[in-house]
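Throughout, residue positions are numbered sequentially from 1 according to the sequence presented. Given the structure is predicted, the values throughout are model-derived calculations rather than measurements.
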Amino acid sequence: MQVTAALSRGPDSPFTLETVELDEPRADEVLVRIVATGLCHTDLFTKAALPHAAGPAVLGHEGAGIVVDVGSRVNGVTPGDHVILSYRHCGDCDQCRSAGPAYCVDAHRLNSSGRRADGSATVTQNGEPVRAAFFGQSSFAEHVLATADNVVVVVVDKSVDLAAAAPLGCGFQTGAGAVLNVLRPVSESSVVVFGAGSVGFAALLAARSSGVATLLAVDPVSARRALAEEFGAVAIDPGSQDVVAAIRAATGGGSTHALDTTGIPAVIGQALSSLRARGSAVVVGLGAPEVAVNIQDLMLSGKTLRGCVEGDSSVQQFIPQLLALHADGKFPYDRLVTEYRFDDINRAVADQAAGTVIKPVLVW
């Protein structure tokens, strides 16, 4: 079928809305009409990494929509279902079998190769393959092909606002999961988030939902600091304060838990330095591949530093958990979302880069 998609044609080019051809669903695939898609840093990171010579690409990996058709081998998903799309995983490797699907050994081929697992194209234009199947969806398009393993059916309530819920597929899931699944703070903990974007705010809200009394947010944008304060956090301006000293003062000697969403080496260093003894820091941001770590401090203080992908979550269980928290008023992710028409995608990119919005969501 012919569909409209937002194509990337190189790292320096804007997105353009163009007509492409979407393959028909195979026996193991699900055809979804996209209602909304979150704009994630990973989309822009990938766009910047794909040279012009790689050809056009359809990105997008925080899709939400309504199922149109399903293949004969698909179970648990039916036409008319409201769904949230997330990352793909094989379900058979040792990581998937041990509740670590975000670390699936086949993750690259399933999520980032630009094609189906068998190498065939899901999207073409004028008979030529288009790089797609991004996170098993490429949801910067009106319709997409997904598979049962990355489709989460919204079974609780079809009145769920799909535009607000779309970022649960990655950004909100990543921040919330880093807190709820990895850091696991308790009410007496102190949690500091470095970078109050969509991932950082999701982490902040998740920590608040766990009853954590001492919350901190470090961000250079005043509007984001103001919102963090509305959510009960101590806001720290890294441009006018000694961040480590401010955290130690606010927490009585250092935080117990820290989350870095920036990927900036100096900020990761601050996160580690501001921890108290036996504190834990998690990094989720894509940034510089190498960071200098004070190993003496890490060892002598018994601190922990680890990475985290997609919130260490199993999407079929975790996304419904977040929806339930939202329904109970404990995870108000809708307050983080700003909607844009899909033909305003480049304005959404610019606004996100300027820090004037927290989470842009593109709506057809």
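By the criterion of side-chain heavy atoms lying less than 4.5 angstrom apart, applied directly or through intervening Ile, Leu, Val, Met, Phe, Trp or Tyr residues, Val218 is not grouped with Val191; the two fall into different hydrophobic clusters. Hydrophobic clustering places Val193 together with Val179 (ILVMFWY residues linked when any side-chain heavy atoms are closer than 4.5 Å, directly or through intermediates). Residues Leu272 and Val267 are members of separate hydrophobic clusters, defined by side-chain heavy-atom contacts under 4.5 angstrom among Ile, Leu, Val, Met, Phe, Trp and Tyr. Hydrophobic cluster membership differs between Ile264 and Val291, with clusters built from Ile, Leu, Val, Met, Phe, Trp and Tyr side chains linked at under 4.5 angstrom. Note on Phe201 and Ile236: separate hydrophobic clusters, where clusters join Ile, Leu, Val, Met, Phe, Trp and Tyr whose side-chain heavy atoms are under 4.5 Å apart, directly or indirectly.
The OG atom of Ser138 lies 9.5 Å from the CG atom of Leu22; values are rounded to the nearest 0.5 Å. Taken to the nearest 0.5 Å, the CG atom of Leu259 stands 12.0 Å off from the OG atom of Ser280. Here the CG-CZ distance, from Asp219 to Arg224, works out to 5.5 Å after rounding to the nearest 0.5 Å. Atom OG of Ser8 is separated from atom CZ of Arg131 by 10.5 Å, given to the nearest 0.5 angstrom. A distance of 7.5 Å separates CG in Leu305 from CD1 in Ile268, rounded to the nearest 0.5 Å. How far CG of Leu205 is from NE2 of His326: 10.0 Å, rounded to the nearest 0.5 Å.
By the 4.5 Å heavy-atom criterion applied to side chains, Phe135 and Thr42 are counted as neighbours. Between Thr251 and Leu216 there is a side-chain heavy-atom pair separated by less than 4.5 Å. Residues Pro25 and Val30 are not in side-chain contact: their nearest non-hydrogen atoms beyond the backbone lie 4.5 Å or more apart. Annotation: side chain of Phe194 is in contact with side chain of Val243 (closest heavy-atom distance under 4.5 Å). Using a 4.5 Å cut-off on side-chain heavy atoms (C-beta onward), Leu7 and Val20 make contact. Looking only at side-chain heavy atoms (C-beta outward), His143 and Met1 come within less than 4.5 Å of each other. Side-chain atoms of Val154 and Leu323, non-hydrogen and from C-beta on, do get closer than 4.5 Å to each other. Between Leu59 and Phe45, every side-chain heavy-atom pair lies at or beyond the 4.5 Å cut-off.
Figure legend: cation-pi geometry between Lys359 and Tyr333 absent, as NZ or CZ is not positioned both under 6.0 Å from the six-membered ring centre and within 45° of its axis.
Using modelled atom types and a 3.5 Å distance limit, the side chains of Gln173 and Glu310 yield a donor-acceptor pair. Counted by atom type alone, Arg26 and Ser120 present one or more donor-acceptor pairs between their side chains at under 3.5 Å. Side-chain atoms of Thr19 and Gln2 include no donor-acceptor pair closer than 3.5 Å. In this structure, a donor-acceptor pair under 3.5 Å is absent between the side chains of Thr147 and Glu29.
Around atom NZ of Lys330, no more than 12 heavy atoms belonging to other residues, nucleotides or ligands sit under 6.0 Å away. For CD of Glu24, the number of neighbouring non-hydrogen atoms (other residues, nucleotides, ligands) closer than 6.0 Å is 12 at most.
The two atoms that bring Leu322 and Ala176 nearest to each other are CD2-CB, 3.8 Å, heavy atoms only. Contact record, Asp43 with Gly60: OD1-N, 3.1 Å, taken as the closest heavy-atom pair. What you find for Ala64 and Leu162 is that their closest heavy atoms are CB-O, 3.6 Å. Taking all atoms of both residues into account, the shortest heavy-atom contact from Val199 to Thr261 is CG1-CG2, 3.8 Å. In terms of heavy atoms, Pro79 sits closest to Val70 at CD-CG2, 4.3 Å. When every heavy atom of Ser273 is checked against every heavy atom of Lys303, the shortest pair comes out as O-NZ, 3.7 Å.
With ring centers used as reference points, His61 lies under 6.0 Å from Phe134.
With respect to Glu21, the side chain to side chain contact (heavy atoms under 4.5 Å, CB included) criterion is satisfied by exactly one of Thr124, Val123, Val130: Thr124.
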Are Ser314 and Gln316 close enough, and set up right, to give a side-chain hydrogen bond (donor to acceptor under 3.5 Å, both in side chains), and what steps lead you there? CA-CA 6 Å; Ser314 296; Gln316 306 293 347; over 6 Å; no

Go through it in stages, so that I can follow the logic: the residues are Val32 and Ile66, the test is side chain to side chain contact (heavy atoms under 4.5 Å, CB included), and I'd like the CA-CA distance, side-chain angles, deciding distance and then a yes or no. CA-CA 6 Å; Val32 179; Ile66 301 171; 5.8 Å; no

I'd like to know whether Val284 forms a side chain to side chain contact (heavy atoms under 4.5 Å, CB included) with Thr262, so could you lay out the CA-CA distance, the side-chain angles of the two residues, the decisive distance to 0.1 Å, and finally the verdict. CA-CA 8 Å; Val284 298; Thr262 71; over 6 Å; no

Could you go through Leu227 and Arg335, starting from their C-alpha distance and side-chain angles, then the distance that decides it, and tell me whether this counts as side chain to side chain contact (heavy atoms under 4.5 Å, CB included)? CA-CA 10 Å; Leu227 182 58; Arg335 292 194 59 189; 3.6 Å; yes

Any chance you could lay out the side chain to side chain contact (heavy atoms under 4.5 Å, CB included) test for Ile345 and Phe140, step after step, and finish with the verdict? CA-CA 9 Å; Ile345 184 172; Phe140 284 171; 4.2 Å; yes

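Taking a cutoff of 4.0 Å between a charged side-chain nitrogen and a carboxylate oxygen, Asp149 and Arg88 qualify as a salt bridge. Under 4.0 Å is where a charged nitrogen must lie from a carboxylate oxygen, and between Asp343 and Arg341 at least one such pair does. Taking 4.0 Å as the cut-off between side-chain N and carboxylate O, Arg9 and Glu18 count as a salt-bridged pair. Asp312 has a carboxylate O that lies under 4.0 Å from a charged side-chain N of Arg306, or vice versa, which qualifies the two as a salt bridge.
Not one N or O on the side chain of Gln95 forms a donor-acceptor pair closer than 3.5 Å with the backbone of Pro101. A distance-only check finds no donor-acceptor pair linking the side chain of Ser210 to the backbone of Val212 [under 3.5 Å]. Using modelled atom types, one side-chain atom of Arg109 and one backbone atom of Ala117 make a donor-acceptor pair closer than 3.5 Å. Side-chain atoms of Asn294 come within 3.5 Å of backbone N or O of Asp297 as a donor-acceptor pair. A donor-acceptor pair is defined here as one N or O able to donate and one able to accept, closer than 3.5 Å; no such pair exists between the side chain of Glu339 and the backbone of Ala163. Checking side-chain atoms of Arg184 against main-chain N and O of Asn181 turns up a donor-acceptor pair under 3.5 Å. Looking at Asp242, its side chain does come within 3.5 Å of a backbone N or O of Val244 through a donor-acceptor pair. Under a 3.5 Å cut-off, the side chain of Tyr103 and the backbone N or O of Val309 do form a donor-acceptor pair. When atom types are taken as modelled, the side chain of Gln241 and the backbone of Asp237 share a donor-acceptor pair closer than 3.5 angstrom. A donor-acceptor contact shorter than 3.5 Å links the side chain of Ser189 to the backbone of Val186.
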